[in-house]
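Shown next, in structure tokens, is the structure this report addresses.
Numbers restart at 1 for each chain; the letters A, B, ... are given by sequence-line order, proteins then strands. Basis for what follows: all heavy atoms, side chains included, without hydrogens, waters or symmetry-related copies.
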Amino acid sequence: MAALPPPATPLLELQGIRKQFAGVTVLDDISLRLYPGEIHALMGQNGAGKSTLIKVLTGVLASNGGQMWLQGQPVAPATPLQAQRLGISTVYQEVNLCPNLSVAENMFAGRYPRRGAAQGLRIDWAEVHRRAEALLARIGLQIDVTRLLSSYPVAVQQMVAIARALGVQAKVLILDEPTSSLDEDEVQKLFEVLRRLRAEGLAIVFVTHFLNQVYAVSDRITVLRNGRHVGEWPVAELGPSALIAAMLGRTMAEQAAQQQPLPEEAAQRPPLLQTEGLGQAGQLQPIDLQVRPGEVLGLAGLLGAGRTETARLLFGLATPDRGVLRIDGQEVRFESPSDAIRHGLALCPEERKTDGIVAELSVRENIVLALQARRGLRRTLPAAQQAAMAEHYVRLMGIKTASIETPIGQLSGGNQQKAVIARWLATEPRLLILDEPTRGIDVAAKQEIMAQILQLARAGMAVVFISSELSEVVRVAHRIVVLRDRRQVGELPAGSTEAQVLDMIAAQAA
Amino acid sequence: MNDTTAPTSLGQRLGQHRLLWPAVTLLLLLAVNASFNPGFLHLEWREGHLYGSLVDILNRAAPLVLVSLGMTLVIATRGIDISVGAVVAIAAAVAAWMIGGQVSGGAPRLPMAVAIAGALAAALACGVWNGLLVARIGMQPIVATLILMVAGRGIAQLITDGQIITIYYAPYFFIGGGWLLGLPFSLFIVAAVLVLLHLALRRTALGLFIQAVGINPTAARVAGIRARRLVVGVYAFCGLCAGLAGLLISSNVKSADGNNAGQLLELDAILAVTLGGTALAGGRFSLAGSVLGALIIQTLTYAIYSLGVPPEINLVVKAAVVFVVMLLQSAEFRATVRSAIRRPAVQELRA
Amino acid sequence: ADKPLVLGFSQVGAESEWRTANTESIKSAAKDAGITLKFSDAQQKQENQIKAIRAFIAQKVDVIAFSPVVESGWETVLREAKAAKIPVVLTDRAVNAKDDSLYVTFIGSDFTEEGRKAGRWLVDKMKGNAGPINIVELQGTVGSAPAIDRKKGFEEIIAADPKFKIIRSQTGDFTRAKGKEVMEAFLKAEGKKINVLYAHNDDMAIGAIQAIEEAGMKPAQDITIISIDGVKGAFEAMIAGKLNVSVECSPLLGPQLMAIIKDIKAGKSVPKRIVTEEGIFPMEVAAKEFPKRKY
Amino acid sequence: MRLNPKHLPLAATVSLFVLLASVGALRYDGFFSAQVFLNLLIDNAFLVIVAVGMTFVILSGGIDLSVGSVIALTTMVSAALVEHHQWPPLAVIALVLAMGTAFGAFQGLLIERFRLQPFIVTLAGMFLARGLCYLISIDSISITEASYSAISQYRLPLGEEASLSVGALIAIAVVLLAVFIAHCTPFGRTVYAIGGNEHSAVLMGLPVRSTVVGVYTLSGFCSALAGVVFTFYMLSGYGLHAVGLELDAIAAVVIGGTLLTGGVGYVAGTLFGVLTLGVIQTLIAFDGTLSSWWTRIVIGALLFFFCLLQRFFTSRPPRR
Ligand SMILES: Nc1ncnc2c1ncn2[C@@H]1O[C@H](COP(=O)(O)OP(=O)(O)OP(=O)(O)O)[C@@H](O)[C@H]1O
Ligand SMILES: Nc1ncnc2c1ncn2[C@@H]1O[C@H](COP(=O)(O)OP(=O)(O)OP(=O)(O)O)[C@@H](O)[C@H]1O
Ligand SMILES: [Mg+2]
Ligand SMILES: [Mg+2]
């Protein structure tokens, strides 16, 4: 397929797109060509300008220059509504739906099937629900569509957003990191749908930080770096290392080796955190965990396996109604996260938009927030120390920001995530729980963060590591606890493979 | 989205300062007053203190400024407190009842310090009550404080037995009517609260926590901020401010009126906070903005009195000024005006 | 068969001392007369009064009495009372209904007359003065009946002589705090030009007196002060020589009301309009009168 | 039958209303009668109508403080035109409805076009509308016009001793229509979406701008309609009519289970919010022993217990 030469006229063409925020140029002379019947990967590091380009192209942001043609006609959508009317359907990076509406409504808002007299004033709810279920079934999700969107975890919300975009008759489909918290199964189902749409002649833009996904579905790749256009290649002509080089502007060192079992003397230490039958009715079956200082415990499972729920119970965000939680052998009960934090715990939450960032506060304030909360109101961190700390983490994690006083809401998604991780590293916890920490983070930064975690573990910190990316889990974990259907189903040692984990999950299904 | 170029010169930075437009409004109002009323800016030394319209405005604005400060913090945490007027009445009633006394003057029923402490304690208790309803029980701030707004005036009238209690004990008059270094003593109280609050926000993490809770309560909780305590504290502070305002008002008019003291003060306070540029959605706030907002309101009121505006059109004038102020503050409006001015000019060039 | 009479009384509110004295008078008089009182406070809202009257009708009380918040807008509900055969007595303020069979009688003061009394007193006092006499006026709440009528009555009298001039008139909402605040502004704007202050109630006058004193002037001497109501505070001010005169507006309607109710129930005919006895108290008689005051 | 958790606040409000009413019926003679309950509707018809308009505003995440003043202005304009200028009633009603709608639309445009805070815009609107009343007349104007009086006194008989007024019928119609708009039309659903997350609603391609203007326009219309009903109720125009009504309306909406932050709530809840406030007042009127200040304290206390129980019933385990 990819061998076919592209048709002469692009379906959508952008030229010389420019975008500035308060004088800072974030897009500079960007061009992009989309042909009918292709999946086009838009690649770049965190903060390269991918999401901004998408927002300009769909009328969310006004551009500061450049032109756009759709099927040869110049167009300039000024609002997302206009873009939709032109046949551009978009899934934006963060889940941008309304939590207070039902799943079905979120999928059909703005284009409800109507019924009744005179072109239909009245929404046909039965039809809405039927179509919503059908659409979700296409990407393999069977849920109650009349329930509120907010009652589902972010991964489900992400799939609902995708389903919404698939539900319209579009010419162009844009997906900005749609797979960032989906697991392998869901991703495969999504790809099947994308391939079908490609066959129908849609042009699809696909943004991701997972290189394997790029090579699995896309036909051509456009790479951005620092708001500039680096180049456009057919996928066959740009191998992974060349792609990384194009994105970073340099080559990347080899990935760290697989995690080794915990050294004998470390394994002998008494557990820092221990649960005995900890659970919550309807949310999580009783679960037994132990984490030792210096140990990285991986939690693996599919969507809805109960990993997030486990983390919330450990951190006092949810209240267990059975079982015991011990820290240093002492039984504890956490009423709120601040109790957990005082015992040296930290949780980097899964949903950065709702549970993580405080959008209007600066990067500095976001980074020092948890540490300051632990120190209390009065023992304020001096301004100089705050700045130094923020600068340190901005450098360490490679956070791309104009300054440490920039509101964090203005950072790109991946950079926000890095700042939230930095917030928890700054508390120097004894036990760090990371729930999908690498969500939306680019390849280079991912490596940096994994290295950081390993180094901290070597220095004696205990880590609970949760990720939908099995490859990450098997790489960093000393032990992997496998969950399924909100139940603990087994444990695997360091050095296990992804296949072994999947086998364990599947075995239980039988 | 903000597409302007980066501020470079001092002038540009000043132009983008968020207090610019409130300050401009205040100056405009003062200018209007001064042009219609030549004696307006005149200050003289009379009986050992400054005398003049400006002093009056500051003195009258003192209770409103205090309440606005408390309200600012409440609003910053995404809350609202519509009970402040009632709390003013309660504090005034408690103080007046405790001081009691006779026409002849003479000794108060309880020592003045006790009366003041009692009034402030009552106000603080009101604030804590509001805070607990909001933070513990989880009621919506507007209904939680509506309860006290309705019941509070009843409580105040219960204390005063429905009468206006006149206070005859002269030392008490100093709080809201006395002079220190030639200036009204109330200004010193306001200044003290302002300085303390400023220090508390600067020297401790209070400001950071309040904003974090106001912008994203869930994230703040996950980050380990004890949001509930903070919210209770903020409402308590707001109650305390209202209590102080109650002392000022009752001392200034030498009486406590359970029904009318602080009537509609909640609206004025919220208006002051919003005029000062703080959004009701919570988060970023500005104390100086609220002070400016309160001064704008009081200057406007004063202008209405001193310009001889007929009482029937007081409200229309007030509405007009509020419309103008908020339009001035809106970047979108200024952009519209600018482009409306520019467009004809461009057309002329083309012609 | 001697079940006590039940009276449903809907009060305007408790917005002033005058009003509380009025309520007190009615409550104690009902008790003395052995009448069961159903009391309802309308918090200054006409809607609430109408609701209360409907509730009284539903409870089948023997007599309904109320002090209307405003004069207009009572036809419908009074018709309902009439249909339920419950006699209605108005106190303190009248209603303007075309059909005057809707109520039995009206007991109360005449706000316009109070304004006139204040005006007459001033004309009398300023007889020897060639003028011009500059008056500032502190009005009650904009739109309220006493504010409108007291202004009207006062203006009616002083209009006869061009030497009287109202140079400033602003609302003080019937409260001390506002009265003081407005007077402060008047003093700054007009200074020594002000000869007379006319306040629509005592509370505003008391507030204004403080403002005058704080401006370094002598109330009742530098500025002649007239107010209405005759509450205790006003007498204290007069005794202290700070207020020239207060026109009485008596709130003590209770005993009269109870007597009328008994008459109505006994089937006696009652006059349509009963005016309460009201005096005018200049500062000279204040000390003598003060011990007799009940409110 | 299992209750959808979405409907829990609504169910709580309704049951608490029933509870309060039962308390009244048990304690006071004559309380348990059809007319007492119909009076709740008759006496609060205008409040129901404004509160319905307010519900949409609050659902969209805004607030409208101008409603009480718009009612006053409507009564004033109606009375002045009918009494002083002898306009035909139908023309007057059409005019005031158009006027209120335009007033709402004006506020909505300011809010939407210049990104102003609804609170100040409508607060200024509140000052303006009331100020305009005084420009017409500071005194109250009685309406003696025949058809107004006839409508005011008309009662639709329901059985033996019970009847409903025209205003109450209009209020019921408004509630039914509003329930339909809120739940079965794209406009209504867009209002919920905006309240849930305005930014998302924009990105979803919903007509946010026109809906925001529409919401305030609707509220302006409802206020004017409530004003018309109020004119029937009072047969007079007065600048001090409906003072503080905005707070009652907001309280009714919030008590009805709608979140002030927007996006969550029901029109039907608002109806019960109004009825609850009404029943509290009726209870106090029937009691008849409370002094002015105890009246306030008791209203406050009843509100407190109501909201407390409501919270108690509706508090759910946290998300998920
Ligand atoms: N509203 C804004 N104001 C100022 N700067 C902004 C704003 N939005 C984005 N930026 C800046 O634009 C740059 C590009 O951001 P963008 O979100 O497009 O990155 P991205 O390529 O999507 O990154 P990621 O992979 O992390 O999602 C970033 O440096 C970001 O800080
Ligand atoms: N594919 C799915 N279908 C239906 N429900 C799901 C699905 N995925 C998640 N859920 C919901 O998620 C809840 C448990 O999610 P939880 O967040 O604890 O699991 P998780 O393993 O962390 O999943 P995730 O990878 O999404 O974070 C369940 O209550 C379930 O309703
Ligand atoms: Mg992005
Ligand atoms: Mg999870």
TODO: Please determine, among A:Arg374, A:Lys353, A:Glu365, the option with the most heavy-atom pairs under 4.5 Å with chain B.
DONE: A:Glu365
Task: Contact origin within A:Ile341 toward chain B - heavy atom pairs under 4.5 Å - done: side chain
Task: Contacting moiety of B:Arg221, where chain A heavy atoms sit under 4.5 Å - done: both
TODO: Specify which of A:Arg342, A:Arg378, A:Gln372, A:Arg379 makes the most heavy-atom pairs with chain B at under 4.5 Å.
DONE: A:Gln372
TODO: Side-chain contact test, heavy atoms from C-beta onward, threshold under 4.5 Å: evaluate it for A:Thr354 versus B:Thr218 and give yes or no.
DONE: no
TODO: Under 4.5 Å heavy-atom distance to chain B, tell me which part of A:Arg423 shows up: side chain, backbone, both or neither.
DONE: side chain
TODO: Go through B:Leu208 and A:Thr380 one step at a time and tell me if the side-chain contact (heavy atoms from CB on, under 4.5 Å) criterion holds.
DONE: CA-CA 10 Å; B:Leu208 178 66; A:Thr380 329; over 6 Å; no
- [ ] Considering only heavy atoms and a distance below 4.5 Å, find which of B:Asn216, B:Ile225, B:Val222 pairs most often with chain A.
- [x] B:Val222
Open item on the list: Which atoms of A:Arg352 are under 4.5 Å from chain B, going by heavy atoms: the side chain, the backbone, both sets, or neither?
Closed with: neither
Task: Closest non-hydrogen atom pair between A:Gly356 and B:Ala219, with its separation - done: O-CB, 3.3 Å
TODO: Answer yes or no: is there a side-chain heavy-atom contact under 4.5 Å between A:Leu361 and B:Arg284?
DONE: yes
Task: Residue B:Arg203 versus chain A: region with a heavy atom under 4.5 Å - done: backbone
Task: chain B contact via A:Ile357 - side chain, backbone, both or neither, heavy atoms under 4.5 Å - done: backbone
Task: B:Arg229 CZ to A:Ser338 OG distance, which is reported to the nearest 0.5 Å - done: 7.5 Å
